[in-house]
Amino acid sequence: MFTLEQQLAEQVKQAVKSLYGLETETDNVQIQKTKQQFEGNLTVVVFPFVKAARKAPQMVAEEIGNALVSADNDKRIVDRFNAVQGFLNLVISPSYWMQCLQDITSSDNYGMQPANGHLMMVEYSSPNTNKPLHLGHVRNNLLGYSIAKIQEANGWHVVKTNIVNDRGIHICKSMLAWQLFGNGETPESTGKKGDHLIGDYYVRFDIEYKKQIKELMAGGMDEDTAKKGAPLIKQAQAMLLKWEQGDPEVRALWEKMNSWVYAGFDETYRMMGVSFDKIYYESQTYLEGKKEVERGLNEGLFYRREDGSVWADLTGNGLDEKLLLRQDGTSVYMTQDIGTAKLRFQDYPIDKMVYVVGNEQEYHFKVLSILLDRLGFRFGKDLVHFSYGMVELPNGKMKSREGTVVDADDLMAQMIADAREVSKDKVNKIAGISDEEAQEIARKVGLGALKYFILKVDPRKNMLFNPEESIDFNGNTGPFIQYTYARIQSVLRKAEDSITTGNLQISNDKEVELIQHLAEYPHVVRQAGQEFSPAVIANYCYQLACDFNSFYHDYSILGETDDSIKQLRLLLSHTVGKVLASGMSLLGIEMPERM
RNA sequence: GGUCUGGUAGCUCAGCUGGAUAGAGCAACAGCCUUCUAAGCUGUGGGUCUCGGGUUCGAAUCCCGACCGGAUCACCA
């Protein structure tokens, strides 16, 4: 099936050929949506043909317009036109639009591409196990989940994965602080989520550590020596060493504390509505990475310095030299990522690997790509680093240690509470609704507001979040779109017995605009996939909801007396609801049936 | 300093593969509920698209330069 644009482009191509003898490609025919202030649905820009025609733009537009209008009956889709300078505004015939609406309505999985037989793995979230998730992770999780959904819609078989950074000095710090100051506290004994409890001890470590540094410096030591020599950091490093040696006591403590954290993360993920098909743990992949580095060393791809550390020379790639193994033989971030990549490609027939990681790590992924390629992994060269921007607060970046982080659990709870509060102001809305249902609606709306707020902005750009100002529920927001959907469902519920399969009749421009908008959905999904941009979907849904609300305000659906007009409006409303729900689901946003 | 990236209304953001008079939301102001859900609709005000050159029929959009901001260039992750 050809799109309207494709059909028109073909016709313009023919017209230009017969009128001016100019051979052109349909790709060169510029067609855009007609601006609001002119009559028409689509506009052909005729400037490119002016030269060959040797006529004024206005004249060229009119000649092409006439050719389109006088096309054979079976091909004729242009009802009439108007030409404004070099712009040929086309009014598409109502019969085309009605057929279009019916095609959209009757298609299953409208906007979704058929399976392409390829597997894409999307890595996102990737938390450290020493503190709870914050707003930065929220953006990562929402983007990762949405990208996975969008690529699925574009025909990929997607495997969502998570690499948990469960080992290293950071978790040892929490473990040590808990051992020293914890008095055996547990999530059960404190009523705290496990990740928050561990986070508290991570902070506690830092406080005690700073105290020691201060004391040492008061005793005349310089700062650097104090930082390196403080007993606490020595103890933490000793603990890490024991961990690497497999010391049973340390391992047992580590297992216990990580299990608390995972229970906490699970709860956060569940509330956020994200999930994974396969989770990797760095404690299980870093050794594989070391093996690969050793192999590379033996094959002469890397080199060892005198101090025993192992490096990759990337100067030939325009980069620097990169450390792969420390002089004590322990692995670094890069080593682990190599190991993780290897295991993943052993586990799955991956055609495309996507890493959803902040733009601060662009250098890292550039290097990873080169190293994997050098090690002979065919997937290395074209791995995708989906690099997104930071979430900034009014006074800059979030800093864990300065207590300026916005906690993910708190934020979601706050959003839901706000949504509950807002709905209380809406009296006489939904009579006789149960408490549970009201809470469920508040959950969808609160989370919808948060998710939309984050996903509507271009992922590549940094975005600002002001904790002082609550996230809106009016205007260009998730709840606005959810509300539009709920309204539609309300109408459809009431219309249930008056839906027939009678004739359809278009009766105004707003209906046409809506159909035209609906027809763009598959293209929007494709574009979002190509650009890795949930924002494209979000903006589309907003526009569609705007158009529908305007239509809804101006015309009665159930009150329409002409049955064929009423049937068209019902069908149109139904389909708008369907597409809105589909689009929002690609953002991981649920739609309430009423609100 | 090298590399990457951004600068559009008071604020948050669209638009950026060149097209008509640059769009939304929030905030401000003024209207619209005995009628399908007012979390809605309509209107008013608000802009040297950072600045300067260039490319062309046409530039917020492409190119060059400047200024300002952010990221990165760790034996951190």
Passing option when A:Asp547 is tested against A:Glu511, A:Gln516, A:Lys510, A:Glu513 for side chain to side chain contact (heavy atoms under 4.5 Å, CB included): A:Glu513
Mind checking [X] for me? I need base, sugar-phosphate or nothing, with any heavy atom below 4.0 Å counting as a touch.
X: A:Val422; answer: base
X: A:Phe480; answer: sugar-phosphate
X: A:Lys35; answer: base
X: A:Asn89; answer: base
X: A:Asp458; answer: sugar-phosphate
X: A:Phe465; answer: nothing

How about [X] and [Y]: are their ring centres within less than 6.0 Å of each other?
X: A:Tyr202; Y: A:Phe205; value: no
X: A:Tyr540; Y: A:Tyr521; value: yes
X: A:Tyr333; Y: A:His364; value: yes
X: A:Phe480; Y: A:Tyr542; value: yes

Contact check, residues 50-58 of chain A vs RNA chain B, heavy-atom distance under 4.0 Å, returns none
Can you pull out the residues from residues 530-545 of chain A that lie within a 4.0 Å heavy-atom distance of RNA chain B? A:Asn539, A:Tyr542
[X], nearest nucleotide to its side chain (from [options]):
X: A:Phe473; options: B:A39, B:C57, B:C36; answer: B:A39
X: A:Lys461; options: B:G7, B:G19, B:A39; answer: B:G7
X: A:Val45; options: B:C36, B:G19, B:A20; answer: B:G19
X: A:Ser550; options: B:A14, B:C41, B:U37; answer: B:C41
X: A:Gln30; options: B:G19, B:U12, B:U37; answer: B:G19
X: A:Leu464; options: B:A39, B:A14, B:C13; answer: B:C13

For [Y], does its backbone N or O pair with a side-chain atom of [X] as donor and acceptor, under 3.5 Å?
X: A:Ser369; Y: A:Phe365; value: no
X: A:His385; Y: A:Val357; value: yes
X: A:Asn162; Y: A:Ser126; value: yes
X: A:Glu282; Y: A:Asn165; value: no

Dot-bracket line, read 5' to 3' along RNA chain B, where crossing pairs take [ ] and | marks a partner on another strand, Watson-Crick or G-U under 3.5 Å: ((((((((.[[[[.)...(...]]]].(((((.......))))).....[[[[[..)....]]]]])))))))....
Is the base of B:C33 syn or anti, if syn means a glycosidic angle within 90° of 0? syn
In whole Å, what is the span from the [atom1] atom of [X] to the [atom2] atom of [N]?
X: A:Asp472; N: B:A24; atom1: CG; atom2: P; result: 17 Å
X: A:Lys444; N: B:A39; atom1: NZ; atom2: P; result: 19 Å
X: A:Ile471; N: B:U12; atom1: CD1; atom2: P; result: 15 Å
X: A:Gln37; N: B:G19; atom1: CD; atom2: C1'; result: 13 Å
X: A:Asn549; N: B:C36; atom1: CG; atom2: C1'; result: 13 Å

Are A:Phe87 and the base of B:G19 stacked, counting only ring centres nearer than 5.5 Å and planes tilted under 30°? no
In Å, rounded to the nearest 0.5 Å, how long is the span from OG of A:Ser490 to OH of A:Tyr485? 12.0 Å
Side chains of residues 460-467 of chain A: which donor-acceptor partners sit under 3.5 Å, not counting sequence neighbours?
from: A:Arg460; atom 1: NH1; to: A:Glu531; atom 2: O; distance (Å): 3.4
from: A:Arg460; atom 1: NH2; to: A:Glu531; atom 2: O; distance (Å): 3.2
from: A:Asn462; atom 1: OD1; to: A:Met390; atom 2: N; distance (Å): 2.9
from: A:Asn462; atom 1: ND2; to: A:Glu392; atom 2: OE2; distance (Å): 3.4
from: A:Asn466; atom 1: OD1; to: A:Glu468; atom 2: N; distance (Å): 2.9
from: A:Asn466; atom 1: ND2; to: A:Glu469; atom 2: OE2; distance (Å): 3.3

B:G46 versus B:A30 - spacing of their C1' atoms, nearest Å: 16 Å
Apply salt bridge (Lys or Arg N to Asp or Glu O under 4.0 Å) to A:Asp206 and A:Lys210, showing your working. CA-CA 6 Å; A:Asp206 205 54; A:Lys210 281 200 174 118; 3.0 Å; yes
Where along nucleotides 67-77 of chain B does protein come under 4.0 Å, by heavy atom, of base (B) or sugar-phosphate alone (S), with - for untouched nucleotides? ---SSSS-BSB
Would you give me the side-chain donor-acceptor pairs under 3.5 Å for residues 445-455 of chain A, sequence neighbours excluded?
from: A:Lys451; atom 1: NZ; to: A:Met272; atom 2: O; distance (Å): 2.8
from: A:Lys451; atom 1: NZ; to: A:Gly588; atom 2: O; distance (Å): 2.7
from: A:Tyr452; atom 1: OH; to: A:Asn476; atom 2: OD1; distance (Å): 2.6
from: A:Tyr452; atom 1: OH; to: A:Ala538; atom 2: O; distance (Å): 3.3

Report yes if a donor N or O on one partner sits less than 3.5 Å from an acceptor N or O on the other, where the partners are the side chain of A:Thr43 and the base of B:A20; otherwise report no. yes
